[in-house]
Amino acid sequence: MLVDRDYLLKKPSGPSAPKLFLDTKVVPAGVNTLGSVEVALKRVAARTGVRPALILTAGAGAIVYGLFRLFAGRSGEPRDERSRPTRTPV
């Protein structure tokens, strides 16, 4: 048997410090932030007449495009040297 009879008697009185911090600080802050984003999204959708799903899609697309522009083509050499054809000695 994996759990003996005295398991409930030996069990610690409360959650660990990291779990308590997570449950009392991190999770409520995340929920409040997501709730604020939802309210803002509803207000923008009501004012513009655009469905919230389309607003989220456009926002996600803009973020992906920005990240692509930021990180695309970085191979360590300057951009203009990479596109310039190389000459072969005659």
Side-chain angles (χ1 to χ4, degrees):
M1 182 160 39
L2 294 174
V3 178
D4 58 352
R5 298 178 91 184
D6 297 330
Y7 171 72
L8 293 176
L9 298 175
K10 296 178 188 175
K11 189 175 177 184
S13 61
S16 65
K19 173 121 174 65
L20 189 63
F21 176 76
L22 182 75
D23 289 346
T24 60
K25 304 289 184 201
V26 176
V27 171
V31 169
N32 287 337
T33 302
L34 289 176
S36 300
V37 169
E38 181 183 10
V39 168
L41 182 64
K42 283 184 180 182
R43 288 180 181 172
V44 169
R47 288 184 186 179
T48 61
V50 178
R51 291 188 301 171
L54 293 177
I55 296 171
L56 284 176
T57 303
I63 290 171
V64 168
Y65 178 72
L67 289 174
F68 175 75
R69 294 282 297 180
L70 184 65
F71 294 112
R74 297 222 173 163
S75 63
E77 56 190 43
R79 213 183 235 311
D80 57 348
E81 299 221 0
R82 200 174 23 160
S83 62
R84 195 178 302 160
T86 58
R87 290 185 172 180
T88 56
V90 181

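Note that the structure is a prediction, hence the values are computed from the model and not measured.
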inquiry  = Test of understanding: clusters of I, L, V, M, F, W, Y form through side-chain heavy atoms closer than 4.5 Å, transitively. Do Val39 and Val44 belong to the same one?
reply    = no
Leu41 CG to Leu56 CG distance, which is reported to the nearest 0.5 Å = 4.5 Å
request  = Report whether Phe21 and Val27 are members of the same hydrophobic cluster (ILVMFWY, side-chain heavy atoms less than 4.5 Å apart, transitive linking).
outcome  = yes
task = Decide whether Ile63 and Leu70 are clustered together by the hydrophobic rule: side chain heavy atoms of Ile, Leu, Val, Met, Phe, Trp, Tyr closer than 4.5 Å, transitively.
result = yes
Contacts of type salt bridge (charged side-chain N to carboxylate O under 4.0 Å, His left out), residue Lys19, not counting sequence neighbours = Asp23
inquiry  = Testing the basics here: between Thr24 and Leu20, what is the closest heavy-atom pair and its distance to 0.1 Å?
reply    = OG1-O, 2.7 Å
